[in-house]
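In the text below, chain A, chain B and the rest are named by the order of the sequence lines, each starting its count at 1.
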Number of protein chains: 2
Amino acid sequence: MRKKYSVGTKMKVAVDCIVFGFDGNRLKILLIKRGFQPEKGKWSLMGGFVNKDESAEDAAKRVLKKLTGLDGIYLEQFHTFTRPDRDPVQRTISIGYFALIDINKYKDSLHDNFKAHWFPIKEFPSLIFDHNEMVMMAQNRLQYKAASHSILFELLPEKFTIPMLQTLFEDVFNTVFDKGNFSRKMLSTNLLIKLKEKDKSNSKKGAFYYKLDRKHYQQNLHKILKLVPNPNDLL
Amino acid sequence: MRKKYSVGTKMKVAVDCIVFGFDGNRLKILLIKRGFQPEKGKWSLMGGFVNKDESAEDAAKRVLKKLTGLDGIYLEQFHTFTRPDRDPVQRTISIGYFALIDINKYKDSLHDNFKAHWFPIKEFPSLIFDHNEMVMMAQNRLQYKAASHSILFELLPEKFTIPMLQTLFEDVFNTVFDKGNFSRKMLSTNLLIKLKEKDKSNSKKGAFYYKLDRKHYQQNLHKILKLVPNPNDLL
DNA sequence: ACAAAAGTGTTTTACCTACACCCATGG
DNA sequence: CCATGGGTGTAGGTAAAACACTTTTGT
C-alpha cells in the first residue's frame, strides 16, 4: 500500500434520492419520516452513506432497493451538495440522485419501516437540512431532461392512455397542452403501440390503452421528443 | 458537539476542473503536468482537495485562482465521480467542474508552476485516473448547456467578430453552420453591439467587431439561442 | 481586375399552433 | 338524445435551411 495523500480532510459521503412517481393524476415524490437523531420524526429524503468499497450509484441503488423493494430503477445523478454546515452533526457531502418509478410496482408493505409517504410535488412538507433545495433542483433536472428525452415513460405502468400521458407531462412541466397536438406528436414518435383495450374511467367513449415499444424506446432513448413547447425556458 | 454518525466511511473529497478556452480557432482545455506521486509527470486536470470548512465550489474557485490568477470565472458543477478504485492511493471521490475562461486573460506567467498547457479538445494526451472520462462528460455538458444558453461568450474576448463566434460554435458542436443563417440568428438575439472597428486579419473586407450587450445578456442568460440545429441529439 | 471572406436576400419547406369538428357511449 | 371526454382534420403563420448574390478591399 502506498502512502496516503497528506493534504485534504476526510468526510462522510452520502447519497440522497428524490423518488418520483405518478398516480395517474399528479407527479409525486416519496418521503420518509426520519428515524434517528437529529431531526428525528421530521420528513426527509431517503438517503444513506456511501460505503467503503461502493460507488455512489451502487449506494443509491441499495438505498432504493431497501425503500421500495425494486431493482432496475431509472436513476440519475444530478448534483452534489457540499455546504460545510449542511449537516449539523458532522461534515457530510451528499450526492443527489433522482429516481423514476412506476408507482404501482411500489410495495406499500415496505412502507412502514420508513414511514414513507407519497406527496404531490406541488405540496410536500418542509424537509430537513438542504433537502428542500435538493427537491427543487431534481425537479428542474427532470424537466430539463424530459424535455428532450423520453424518460417519463419510466413513471407509467405497462398500459397507459394518451390523456394520462398528457396529464403527466402537464404536471411535470407545469403547463397545459392542446390535446390534439399532444396526441399527434406523441403518436408520431412511433414509440407507442396501440392496444385493443380502452380505459373508460374518465369518459364514456374511453381512451385506448397504449404500451411502450421497448425496442424502439431503447434505440431512441437519446433521441427527440419535441413535445414541450419551449424547452429553452427551462433551467 | 453532538455525537457523530456511527455508520458510513470517511473519504477524501476532491474537485477537478476542466478549463475551456478558445484561441480564435479551436476550443482548448488547460492541462497540467502532475507534480507529485503517483503518476508524477503525467498530464492531468487541475484539481485539489476540499478543505474542512469549504464548499466544493469554493475549493474549485481556489484551485482555479491558483492556476490562472483569475477571479469570477464561469464555473459549473457537472458530475461527481465515485468509483472506489478511481484513485489508487486512497479512496477519493471527485466533484467535476467545468470552467469557461477568456484565454487572453490567462496569465502565462502562472503557467510554469504547474507546467500547464493548452490542448485542442480534439487532440489532448491521455490523462491520469478517470480524467479522460471527466473531459468527455464535461464536453457533453458544455454542448448541452450551450445549445440553449449563451454561455460561450464567456470564452471570448471583449471584442469579437461573428465569424469568430461561428468558428467557436462549430468547434464546440463539431459541425458546420451556414454563415448567412448563423449571422442572422446571432444578430436576432439582440445580444450583440456592433462596433466601428473591423478585424482584417482573416479577409480583405474585414469583419466588424461586436461586443456583448452585458445588460441584455444578464437578463437573458436563461433564455434561448436557437443556433444549434439539433440540440436534441446531444447528451 | 480578381480572389476571398463578409454579409444580405430570397425561395422553399417543414412543422407547429390554434381551433373547428367528428366520434363513441353511459346515463 | 345529449353531455363529455377522446380523437381527427385543416388553414395559416413562423422559422429554419439552402443557396444565390452583393460588398469590400488587399494584392
Check this for me, if you would: do B/Arg26 and B/Glu123 make a salt bridge, where the nitrogen-to-carboxylate-oxygen distance has to be below 4.0 angstrom?
yes
Side-chain ion pair, A/Lys159 and A/Asp199, N-O less than 4.0 Å:
no
Which one of B/Phe129, B/Phe114, B/Phe119, B/Trp118 satisfies the ring-ring contact (aromatic ring centres under 6.0 Å, His included) criterion with B/Trp43?
B/Phe119
Distance, rounded to the nearest Å, where A/Phe160 contributes CZ and D/dG6 contributes C1':
16 Å
Measure CE/A/Met186 against C1'/C/dC16 and give the value in whole Å, please.
16 Å
Residue closer to the 5' end of DNA chain D, B/Arg184 versus A/Ile162 (nearest nucleotide):
A/Ile162
Both A/Lys205 and A/Lys194 contact DNA chain D. Which one's nearest nucleotide lies toward the 5' end?
A/Lys205
Measure from the side-chain heavy atoms of [X] and tell me the nearest of [options].
X: A/Asn181; options: D/dG6, C/dG26, C/dT17; value: C/dT17
X: A/Lys179; options: D/dT25, D/dA18, D/dG7; value: D/dG7
X: A/Pro163; options: D/dG6, C/dA18, D/dA18; value: D/dG6

Using OP1 and OP2 only, check whether a side-chain N or O of B/Lys200 sits under 4.0 Å from D/dG26.
yes
So does B/Lys185 get a side-chain nitrogen or oxygen closer than 4.0 Å to the phosphate oxygens (OP1/OP2) of D/dA17?
yes
Side-chain contact test, heavy atoms from C-beta onward, threshold under 4.5 Å: evaluate it for A/Phe160 versus A/Leu192 and give yes or no.
yes
Between A/Gly180 and A/Ser203, name the one whose nearest nucleotide on DNA chain C is closer to the 5' end.
A/Gly180
